[in-house]
Amino acid sequence: MKRPRKPMIKRRLFAVPGASLLRKISTGLLLTFSGLPFTHAEEAPAPAIDPATSLPAAPSWLPPTPAMPEEAAPADTAAPVAPQAVPSEYMPQADTTPVNNSDSANAATPAMPVADPAAAPAPVIPLVQPVTSNITVAEMGQPKGLTLSGGQLQSGILFTLPADEVVTNAHLSLALKISPALIARDTTLELMLNGQPLGNLPLNQTSNGGDVYELDIPSAMVVSSNNLSFRVHDSNTMTCEKDQSDKYWVTILPTTSIGLEGQQLNIGRNLGNFPRPFFDSLQMQESKITMGFPASMKPGDVSAAAMVSSYLGMLSDYRDVDFPVILNDLPDQNGILFGKPGDKIGSLTLPASSGASIQIIDNPINPVYKLLLVLGNDDNQLRQAAYRLISAGMPNNTDHLDVAQQTIPPRKPYDAPRWIDTSRPVTLGELAGKDPDSLISNGIYHDGIQVAFRAAPDLFMWDGHNIPVRIDYRFPTENWIDEDNSRLNVSINSNFLRSLTVNKVGLVENIWRRLGGDSRQERYTMQLAPYLIYGDNQLQFYFDIKPKKDAPCSILTSDNIKSRIDPKSFIDLSGSYHFAQLPNLSYFVGASYPYSKLADFSDTLMLLPPEPTADEIHTLLNLTARAGKATGVPVSHVQIAFGLKGDEQGNPLFDRDILAVTTLGDSSFNQQLLADSPFGLNANSMGVKTPTEVQRIVAWLTGDWYRQPVDADRYLSSTGAWRGFVSYRSRWSNDHVVVVATGTDDQQLLKIHSDLKLPQINANVRGDLAIITDENGIRSFSVGQQFPTGQMPWYMMVLWYASTHIVILSLIATLVSLVVGLSLFVVLRRHAAKRLGHK
C-alpha cells in the first residue's frame with residue numbers, strides 16, 4: 001500500500017447512500033458500474049445536490065450549524081441574507097467561559113475591535129459558505145503516479161481534508177496508462193474508497209487512449225482521512241505467472257484528481273483551535289495564510305510575523321505553505337493581523353491593550369472566517385505576543401489572552417532538532433520516529449523502507465575518511481525463499497550503495513551452510529563517502545525477496561512474512577567537522593545556511609527597503625517559513641530593519657549574517673546594499689563589476705581560477721525579466737555573509753516561492769549568483785572570492801590551505817628551495833676552498 005510521506009489520522013466512516021456512477025469523457029461507451037448501466041455524461045447528467053438535505057451530521061466536536069430562520073431564503077438560492085434578517089442567536093458569539101491560566105488570570109475584560117462605521121456599509125453575512133477544491137494524485141504524495149505491477153496489482157493512496165469542511169459533492173477524474181499485456185487479458189480495475197466498493201472499470205483497448213473517466217462519489221463516503229484503493233480483478237492469477245508478471249501493469253497517472261464541493265464550518269472564536277483555522281495539517285494542498293499589517297507598519301510588526309510564519313512553516317513539514325501579505329486591508333477569509341492597539345487595518349481598529357495580547361475575532365467581511373490579532377504596544381511586546389503564540393499550546397474556550405513577560409531562550413550553534421546529531425552515532429530507530437513498523441516490510445511485494453534525515457550543509461571530512469553506517473537486518477526464514485538470489489538493496493538519495501546477501505559469502509561459509517550450520521549475515525558496516533550526504537537525505541532499504549520456482553501462489557500474495565531493519569542500526573557522523581567556504585547559495589536554498597547555524601536566527605539581520613511592498617514582505621515570510629521547515633525551530637530572535645541610513649558601520653546589529661529582500665526598482669537602497677561587493681547597479685539593471693588587475697593576480701595566486709565575472713555580466717545584460725539570489729562577503733563584518741533575494745519587479749520576486757519547490761531548481765543553485773528565468777530556467781555563476789568559515793584542527797587547516805592555494809604553495813616551495821640551495825652552495829664552496837688550502 002503506497003502512502004503519503006506522513007501518517008494520517010483515521011476517522012469514522014459514514015454509510016454509503018446508494019450506488020456510484022462512472023462515465024467516460026469524449027465517448028459514448030456504455031459501462032457497468034455497481035450493477036447499473038450508465039450512458040455518456042451528456043445523456044445522463046448527475047442530479048444537483050441540495051446541501052440542506054444531503055449534508056451529513058457534523059461531528060460532535062464541532063459547533064452546531066445554525067438553523068435557517070423561517071423567513072430566510074433557502075440555501076440553494078442566490079439571494080444573500082442581510083445581517084438584520086438573522087436573529088442574534090444565530091450569530092457567532094464570543095465564549096465567555098473563564099479560563100484559569102497564568103497568562104490571562106485576573107485580566108480585565110478585553111476591548112473589542114472597532115470597525116469604522118464610515119468605511120463601508122454593513123457586510124452581507126452568508127449562513128452557508130461554499131468551498132471547492134481539486135486534489136491530484138501528485139498532491140497526495142505520488143508525483144509520478146501510482147503503478148500496480150507484477151505481483152503487486154493492488155495498492156492505494158491516502159488523502160485528507162481539513163477538519164472544518166463538510167463535503168456535499170465529490171467526483172473522481174481517473175486517468176490511466178495500461179500495459180498491452182494487461183489490455184489483452186481484458187480484465188477490470190476495481191475501485192474502493194475507505195473499504196467500500198465504488199465500481200469496476202474494464203481494462204481493454206478502449207480504455208487506454210488517454211481518456212479521463214469521471215466517477216461520482218457519494219459525499220457521505222468522503223471524511224477527513226480517506227483511503228482510495230485500486231485492484232486488478234484477477235491479480236491472483238497473474239501473480240502466479242512468475243515469469244511474465246512484470247508484463248502486467250496499470251498506472252494511475254498523477255493528473256488523476258478528486259474534485260470536491262462542500263461547506264466551510266464556523267468553528268467559533270476559540271484560541272485553543274490554533275493553528276486552525278489558519279493552518280490545518282490535514283490540508284494536502286498548499287495552505288495560504290494571509291498576514292495583514294497597518295499602513296504605519298514598523299519592522300517590529302514584520303519581526304513578529306516572521307516568527308509566526310517560521311512556526312507555521314515548521315508545522316507544515318513536507319506540505320507547501322504560502323504567506324500572502326496585505327497592507328491596510330482585511331483578508332477575505334482567515335488571516336493573522338499584527339500591530340499596535342489603535343492601529344487601523346482597513347475598516348478594523350485594533351483594540352486597546354495594556355500589554356502584549358492575542359485575540360481571535362470574526363472577520364467583519366464574513367464571520368465564518370476568523371482573524372487572529374497579535375498585539376503589543378511596542379516591538380518587545382509584539383515579540384512577546386508572537387512568542388507566546390508559537391511556544392506553547394493556547395488555552396481552550398477563550399478568544400482573548402493577555403501575555404505575561406517571559407524570557408525567550410537562545411539557541412546554540414547546530415542544535416536544530418531536525419538536524420542529525422554529529423557528536424555521536426545516531427540509530428535508525430531515532431531517525432524513523434515513533435512508528436515502530438516503519439522499519440518493517442510485509443510480504444514479498446512491498447514498498448522500500450525509507451529513513452529520512454537532515455544534516456548541517458557544512459559537514460566536512462578529509463579525503464579518505466568515510467562515514468560508517470552499520471546495518472542490522474533480518475530476512476524471513478522460510479524454506480520457499482531462494483536465499484542465494486535474495487538481496488537487501490541499500491541506497492542513499494537515489495544513489496545505489498550495496499546489495500547485502502541473506503547468507504555470508506565465502507567458500508568456508510558456503511560449506512558450513514550446506515552442512516546445516518548457521519551462516520546468516522545479519523550485520524554489515526558500510527563506509528559512506530562524505531559527498532553523498534546533503535542537507536536533506538533519505539536512506540532507502542529494499543528487501544528483494546526471490547521465491548523458489550516451486551513456491552505456491554498462496555505464499556506469493558501473503559503478507560504474513562516480515563523483513564526488518566533493526567532500530568539499533570546507526571549512522572555515525574561524529575568524525576566530521578563544521579567547515580565550509582562562503583558564499584555558497586546551494587547551502588542557502590538547501591537548509592537556509594548560514595542563517596540556520598543558530599536556528600533562532602539570533603545571528604541574522606533581515607533587511608527590507610525603506611518602504612517595503614507587500615510582495616517583498618511576502619517573499620521574506622516565505623523564506624522564514626522555509627527556514628523553520630528545515631530546522632524545526634521558529635526564528636524567535638530574528639531582527640528586521642527597513643533601509644540603510646549610512647551609519648551602520650560599527651552598529652552591532654550589522655555584525656551578523658544579512659538576508660535582504662528587494663527588487664531592482666529600489667535603486668537607492670540597492671546601491672547602498674551592493675557597495676563594496678562584486679555586483680553593481682546601473683539604471684535598475686544589475687551587473688557584475690570588472691575585476692581589477694590586482695584582484696585577478698590575487699585570484700590566480702590563491703587558486704581561484706574558476707570565477708565567471710565576464711560570463712555572468714553578459715548573461716545579466718542580455719536578460720530582461722529575472723529573479724534569483726546574489727551573495728557576497730559582508731562589508732560590515734568580514735566573518736559574515738550577505739544573501740539578497742531579488743528580481744526585476746514584484747511579480748518576478750514572488751515567483752521565487754514556486755521556483756524553490758522544484759527539485760531541478762534547487763539542485764542547480766550554486767556559487768554566488770543564481771539567475772532564474774521562465775525561458776531558460778536556472779543559471780548559476782561564481783563571481784566573487786570565497787572565504788572559509790567554521791572550525792577544524794590547526795594541522796587540518798594547514799593541509800587545507802596548502803591544497804587550495806597550490807600556486808602560493810609552489811612559489812613558497814620554490815623560494816625555500818632557492819634559499820636552501822644558495823645557502824648550501826655558499827657553505828660547500830667555503831668548505832671546498834678550506835680543504836684545498838685556499839684562503
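We number each residue from 1, following the sequence as shown.
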Donor-acceptor pair between Tyr593 and Asp458 side chains, under 3.5 angstrom: yes
Separation between OG of Ser733 and CG of Asn651, rounded to the nearest 0.5 Å: 12.0 Å
For salt bridge (charged side-chain N to carboxylate O under 4.0 Å, His left out), just list the numbers for Asp362 and Lys370, CA-CA rounded to whole Å, side-chain angles, deciding distance to a tenth of an Å, and then say yes or no. CA-CA 5 Å; Asp362 293 331; Lys370 308 302 170 188; 2.4 Å; yes
Check for a donor-acceptor pair, side chain of Asp378 on one end and backbone N or O of Gln381 on the other, with a separation under 3.5 Å. yes
Any heavy-atom pair between the side chains of Leu312 and Ile336 that's under 4.5 Å? yes
Whether the side chain of Arg411 engages the backbone of Asp415 through a donor-acceptor N/O pair (distance < 3.5 Å, no angle test) should be reported. yes
For the NZ atom on Lys757, are there more than 12 heavy atoms of other groups (residues, nucleotides or ligands in this structure) within a distance under 6.0 Å? yes
Atom pair CG (Leu282) and CZ (Phe279), whose distance is rounded to the nearest 0.5 Å: 9.0 Å
Can you see which heavy atom on Val223 is nearest to which on Leu161, and at what distance? O-CD1, 3.6 Å
No-hydrogen, no-angle side-chain donor-acceptor test under 3.5 Å, Asn366 and Gln129: yes
Between the side chains of Glu430 and Thr427, is a donor N or O closer than 3.5 angstrom to an acceptor N or O? yes
Are side-chain heavy atoms of Val302 and Met297 found at a separation under 4.5 Å? yes
Whether the Asp322 and Asn622 side chains hold a donor-acceptor pair (N or O, under 3.5 Å, no angle test) is what I'd like checked. yes
For Asp329, which residues count as a salt bridge (Lys or Arg N to Asp or Glu O under 4.0 Å) partner, sequence neighbours excluded? none
Tell me if the CG atom of Asn380 is crowded by more than 12 foreign heavy atoms within 6.0 Å. yes
Under 3.5 Å: donor-acceptor pair, side chain of Arg319, backbone of Gln285: no
Can you check whether Gly376's main-chain N or O pairs, donor with acceptor, with Arg383's side chain at less than 3.5 Å? no
Take Asp755 and Arg723 through the salt bridge (charged side-chain N to carboxylate O under 4.0 Å, His left out) test and state the conclusion after the steps. CA-CA 10 Å; Asp755 291 332; Arg723 66 273 183 189; 2.8 Å; yes
Does any donor atom in the side chain of Asp603 or His736 lie under 3.5 Å from an acceptor atom in the other side chain? yes
Heavy-atom side-chain proximity of Pro341 to Leu350 below 4.5 angstrom: no
Between Asn762 (side chain) and Leu758 (backbone), is there a donor-acceptor pair under 3.5 Å? yes
Given His753, which of Glu286, Arg626, His618 fulfils the side chain to side chain donor-acceptor pair (under 3.5 Å) condition? Glu286
Are any non-hydrogen side-chain atoms of Thr619 and Asp746 less than 4.5 angstrom apart? no
For Gln333, does its backbone N or O pair with a side-chain atom of Asn363 as donor and acceptor, under 3.5 Å? yes
Checking Leu585, Leu659, Thr742 against Phe725 for side-chain contact (heavy atoms from CB on, under 4.5 Å), the one that qualifies is Leu585
When you compare the side chain of Asn537 with that of Arg454, does any pair of heavy atoms fall below 4.5 Å? no
Kindly say whether Ala163 contributes a backbone atom to a donor-acceptor pair with the side chain of Arg276 at under 3.5 angstrom? no
Say you draw a straight line from CG of Asn273 to CG of Leu372; how long is it, rounded to the nearest 0.5 Å? 11.5 Å
Does the side chain of Asn270 pick up a donor-acceptor pair with the side chain of Asn396 at under 3.5 Å? yes
Please determine whether salt bridge (charged side-chain N to carboxylate O under 4.0 Å, His left out) holds for the pair Asp657 and Lys597, giving the CA-CA distance in whole Å, both sets of side-chain angles, and the decisive distance to 0.1 Å. CA-CA 10 Å; Asp657 294 307; Lys597 176 181 178 180; over 6 Å; no
Step by step, work out the side chain to side chain donor-acceptor pair (under 3.5 Å) result for Asp164 and Gln264. CA-CA 6 Å; Asp164 57 355; Gln264 179 82 39; 2.9 Å; yes
Between Ser596 (side chain only) and Ala591 (backbone N and O only), is there a donor and an acceptor less than 3.5 Å apart? yes
Under 6.0 Å between ring centres: does that hold for Tyr414 and His578? yes
Shortest non-hydrogen contact from Val308 to Ile390? CA-CG2, 4.1 Å
May I ask you to check whether Thr613 and Asp615 show a side-chain donor-acceptor distance below 3.5 Å? no
Please report the shortest heavy-atom distance between Ser602 and Arg656, naming the atom on each side. O-NH1, 3.4 Å
Go through the side-chain N and O atoms of Ser636 and Asp600 and say whether any donor and acceptor fall under 3.5 Å apart. no
Here the gap from Met394 atom CE to Ile360 atom CD1, rounded to the nearest 0.5 Å, amounts to 9.0 Å
Do Thr604 and Gln639 have side-chain heavy atoms sitting under 4.5 Å apart? no
Once you round to the nearest 0.5 Å, how far does CE of Met291 lie from CZ of Phe323? 5.0 Å
Nearest non-hydrogen partners of Leu315 and Pro275, listed with the distance: CD1-CG, 3.8 Å
Are Leu158 and Thr160 side-chain neighbours, meaning at least one heavy-atom pair lies under 4.5 Å? no
Of all heavy-atom pairs between Gly313 and Ser316, which one has the smallest distance, and what is that distance? O-OG, 2.6 Å
Main-chain N/O of Tyr595 paired to Ser592 side chain as donor or acceptor, under 3.5 Å: no
Answer yes or no: does atom CD of Gln538 have more than 12 heavy-atom neighbours from other residues, nucleotides or ligands under 6.0 Å? yes
NZ/NE/NH1/NH2 to OD/OE distance under 4.0 Å, Arg424 and Asp421: yes
Go through the steps to decide whether Leu431 and Val426 satisfy the test side chain to side chain contact (heavy atoms under 4.5 Å, CB included), and finish with yes or no. CA-CA 8 Å; Leu431 298 177; Val426 178; 3.8 Å; yes
State plainly whether the residues Asp301 and Lys340 are in salt-bridge range, i.e. N to O under 4.0 Å. yes
Which pair of heavy atoms, one from Ala741 and one from Ile752, lies closest together, and at what distance? CB-CD1, 4.4 Å
Non-hydrogen side-chain atoms of Val638 and Thr624 separated by less than 4.5 Å: no
Should the ring pair Phe338 and Phe293 be called parallel, tilted or perpendicular, given that the plane angle runs from 0 to 90° and is split at 30 and 60? parallel
Between Asp399 and Gln359, do the side chains contain a donor N or O and an acceptor N or O under 3.5 Å apart? no
Main-chain N/O of Val738 paired to Ser727 side chain as donor or acceptor, under 3.5 Å: yes
Between CG of Leu375 and OG of Ser353, what distance do you get to the nearest 0.5 Å? 6.0 Å
How about Glu611: does its CD atom have over 12 heavy atoms from other parts shown lying under 6.0 Å from it? no
